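Taking it in order: structure first as structure tokens, then the write-up.
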Amino acid sequence: MKMEVKVREITESSIQEVAEKALIIRQDIIKMLGESGSGHTGGSLSAADIVSCLYFWEMNVDPQRPQQEERDRFVLSKGHAAPVLYAALAEKGYFQREELAKLRKLGSPLQGHPDMRKVPGVDASTGSLGQGISWAVGMALAGKMDRRSNRVYALLGDGEIEEGIVWEALMAASHYHLDNLVAFLDHNGLQIDGPIREVMSPEPVADKFRAFGWETLIVDGHNHRQIMEALATARSTSGRPTVIIADTVKGKGCSFMENRAEWHGTAPNKEQVTQALAELGQV
Amino acid sequence: MEKQATRDAYGQALVELGRKYDNVVVLDADLSKSTKTADFAKVFPERFINAGIAEQNMIGMAAGLAASGKVAFASSFAIFATGRAFEMVRNSLAYANLNVKVCATHAGLTVGEDGGSHQSVEDIAIMRSVPNICVVVPADGTSTRKAVTSIYQRTGPVYLRLGRPSVPILYDEGVDFTIGRGIELREGRDATLIACGIMVAKCLEAADSLHADGIEVSVVDMHTIKPIDQELIVRKARETGAILTVEEHSVLGGLGGAVCEVVCENYPVPVHRMGINDVFGQSGSPDELMQYYGLTVKKIIDNVHILMKKK
Ligand SMILES: Cc1ncc(C[n+]2csc(CCOP(=O)(O)OP(=O)(O)O)c2C)c(N)n1
Ligand SMILES: [Mg+2]
């Protein structure tokens with residue numbers, strides 16, 4: 001049973017749009033974390049280009065009909081990067097941008113980690129690392145069962161893949177030939193306690209994914225064209241799931257945050273917000 | 001009043017323990033700066049194992065270390081140590097009765113902004129239901145340090161529940177901290193407040209204001225939830241005729257459950273359980289959440305009044 005392959009032409013203007021959206025997402029990440037005073041800055045920024053490509057190029061979703069069955073799904077398996085998802089959803093029109101200022105506040109739908117019962121457009125409640133990729137496999141299985149043409153996307157952290165459940169899920173996805181499933185690996189080289197190679201190395205990651213039966217692509221995770229091309233390759237791959245290993249910089253876009261483990265779970269203060277926004281520049 | 005987070009006291013205590021005993025090893029799962037095992041790692045890098053983000057393997061490795069003569073202290077957030085790794089704790093540690101101390105921080109609502117996915121409100125109940133596991137929930141920094149020494153000296157698996165925020169220091173070094181024996185911090189004949197963890201300090205505050213209104217309550221720090229101090233509970237039931245349990249945990253199966261089991265089988269008196277009423281938490285500051293879920297001094301006072309009418 002082969003799905004109809006739909007691959008759109010990647011144009012300069014589509015790349016330009018994704019780049020602009022990524023910048024807006026980054027600005028919103030900084031502003032909302034500045035407001036909340038706590039949260040995960042580094043891993044939200046490292047994933048901004050991937051998430052922008054998904055929501056503003058790749059995925060078939062309709063903010064007016066967030067529960068539509070035929071929609072593509074996105075599972076933020078590294079749920080602590082909730083700000084990048086909330087920023088993308090707001091920009092896409094799922095809810096008012098003003099909501100972003102309530103991140104992590106009592107009573108806000110924008111919980112510290114994504115809650116699918118509280119936010120339209122959030123497809124999975126995540127936050128406990130490793131569990132999201134299993135959800136994504138389940139969603140891809142359901143798509144196959146129901147003969148739907150929708151696709152499922154998941155985003156994993158490179159520390160997150162130290163969890164055993166990730167490899168159980170990867171095994172299941174290739175066992176069931178889930179070519180409707182694409183996982184991104186946000187390969188930023190850092191976890192909380194330091195560099196992944198020093199704390200608990202999951203390397204070499206590409207070899208591992210290949211050994212688990214996944215079509216394995218490697219891109220510069222801040223190069224929109226490369227990400228979009230990899231997504232096209234995934235669409236035309238049949239019989240197995242695709243992983244896109246995105247080499248990224250944790251804290252990307254703000255010089256004082258880049259590649260620094262201490263920015264994993266720290267929010268910027270007022271001056272840092274100003275500096276970060278100045279460095280990010282204008283749309 | 002001086003304050004310290006119980007997790008900070010834990011980090012200090014591990015270093016002291018490491019200095020005294022060569023067989024102490026410490027494991028963590030990529031949260032060593034938050035759980036404070038990083039303090040130990042700095043002094044004894046060769047006896048520290050970072051499992052990475054792999055709590056199940058951390059517990060499995062701790063079992064292997066303990067089976068080879070080490071006393072293993074394994075730390076993560078409460079939700080992951082008792083939740084993600086539950087079956088490893090149950091079968092590898094408890095069933096085999098191994099000398100592993102699962103010392104989890106960031107328990108309960110006071111995790112704060114990370115939200116409901118990270119706030120363990122059921123860990124005491126889960127751990128208490130497993131044979132062989134001793135469950136300890138210290139109220140302050142001093143008793144945490146005492147508890148770490150005590151659980152080292154006790155053979156077998158232990159669950160030590162610690163918190164994120166700074167809490168008042170209630171005890172001085174001279175405190176008699178014995179596993180399985182509750183500490184009666186205050187004596188009064190009108191009712192008994194039995195609390196654990198960060199709620200002990202709030203009960204003391206409530207007792208002060210009740211005293212101003214002419215109501216005298218006893219306050220018990222029930223730091224060991226299992227084995228629980230039956231004798232003390234029965235005596236307080238007899239002496240005061242009414243018991244209020246107070247915990248930063250679900251009202252199902254934790255301290256409140258444990259006290260009710262003892263009271264109803266031995267000396268039935270009215271009991272009211274204060275805790276989280278069978279719901280998940282959410283994002284918010286620790287103080288806001290304690291307020292929202294009704295874990296306040298004022299609520300303790302209100303509940304004492306209601307309880308006394310039932311006597
Ligand atoms: C099961 C589980 N264990 C521990 C944590 C705590 N935690 C949150 S983020 C994180 C590090 C994640 O590193 P990585 O996956 O590389 O994320 P990124 O660098 O993209 O932020 C940890 C250990 C968690 N959320 N879930
Ligand atoms: Mg990482």
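Everything numeric here is computed off the predicted structure, so don't read it as measured data. First the proteins, then the strands, lettered A, B, ... as listed; each starts at 1. Computed from heavy atoms alone, side chains included, the values below leave out hydrogens, waters and symmetry copies.
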Is it the backbone or the side chain of [X] that comes under 4.5 Å from a heavy atom of chain A, or both, or neither?
{"X": "Ala51(B)", "value": "backbone"}
{"X": "Phe80(B)", "value": "side chain"}
{"X": "Glu113(B)", "value": "both"}
{"X": "Ile79(B)", "value": "neither"}
{"X": "Asn57(B)", "value": "neither"}

Hey, could you give me the CE/CD distance between Met58(B) and Glu162(A), rounded to the nearest 0.5 Å?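 Interatomic distance, Met58(B) CE to Glu162(A) CD, rounded to 0.5 Å: 13.0 Å.
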
Would one find more than 12 heavy atoms of other residues, nucleotides or ligands at under 6.0 Å from atom [atom1] of [X]?
{"X": "Glu46(B)", "atom1": "CD", "result": "yes"}
{"X": "Phe256(A)", "atom1": "CZ", "result": "yes"}
{"X": "Asp287(B)", "atom1": "CG", "result": "no"}
{"X": "Gln291(B)", "atom1": "CD", "result": "no"}
{"X": "Tyr292(B)", "atom1": "OH", "result": "no"}

Restricting to non-hydrogen atoms, name the atom on [X] and the atom on [Y] that form the minimum distance, rounded to 0.1 Å.
{"X": "Ser117(B)", "Y": "Gly127(A)", "result": "OG-CA, 4.5 Å"}
{"X": "Asp30(B)", "Y": "Asp193(A)", "result": "OD1-N, 2.7 Å"}
{"X": "Leu106(A)", "Y": "Glu288(B)", "result": "CB-OE1, 3.7 Å"}
{"X": "Ser128(A)", "Y": "Arg84(B)", "result": "OG-NH1, 2.9 Å"}

With sequence neighbours excluded, give me every side-chain hydrogen bond (donor to acceptor under 3.5 Å, both in side chains) pair touching residues 31-42 of chain A.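 Pairs touching residues 31-42 of chain A that pass the test: Ser38(A)-Arg104(A).
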
Would you mind telling me which of Gly115(B), Gly112(B), Ser32(B) has the largest number of heavy-atom pairs within less than 4.5 Å of chain A?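 Most heavy-atom pairs within the cutoff with chain A belong to Ser32(B).
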
If you count heavy-atom pairs under 4.5 Å with chain B, which of Gly130(A), Gly79(A), Gly112(A) comes out on top?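 Of Gly130(A), Gly79(A), Gly112(A), Gly112(A) has the most heavy-atom pairs under 4.5 Å with chain B.
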
Among Gln191(A), Lys105(A), Lys118(A), single out the residue with the greatest number of heavy-atom pairs under 4.5 Å to chain B.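 If we count pairs closer than 4.5 Å to chain B, Gln191(A) comes out on top.
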
Look at the side chain of Gln282(B) and the backbone N and O of Gln111(A), then say whether any donor-acceptor pair between them is shorter than 3.5 Å.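 Checked: no pair found.
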
His113(A) side-chain N/O to Asp114(B) backbone N/O, donor-acceptor pair under 3.5 Å: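 Side chain of His113(A) to backbone of Asp114(B): a pair is present.
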
Which portion of Ile165(A) sits near chain B, non-hydrogen atoms under 4.5 angstrom: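 Only the side chain of Ile165(A) comes within 4.5 Å of chain B.
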
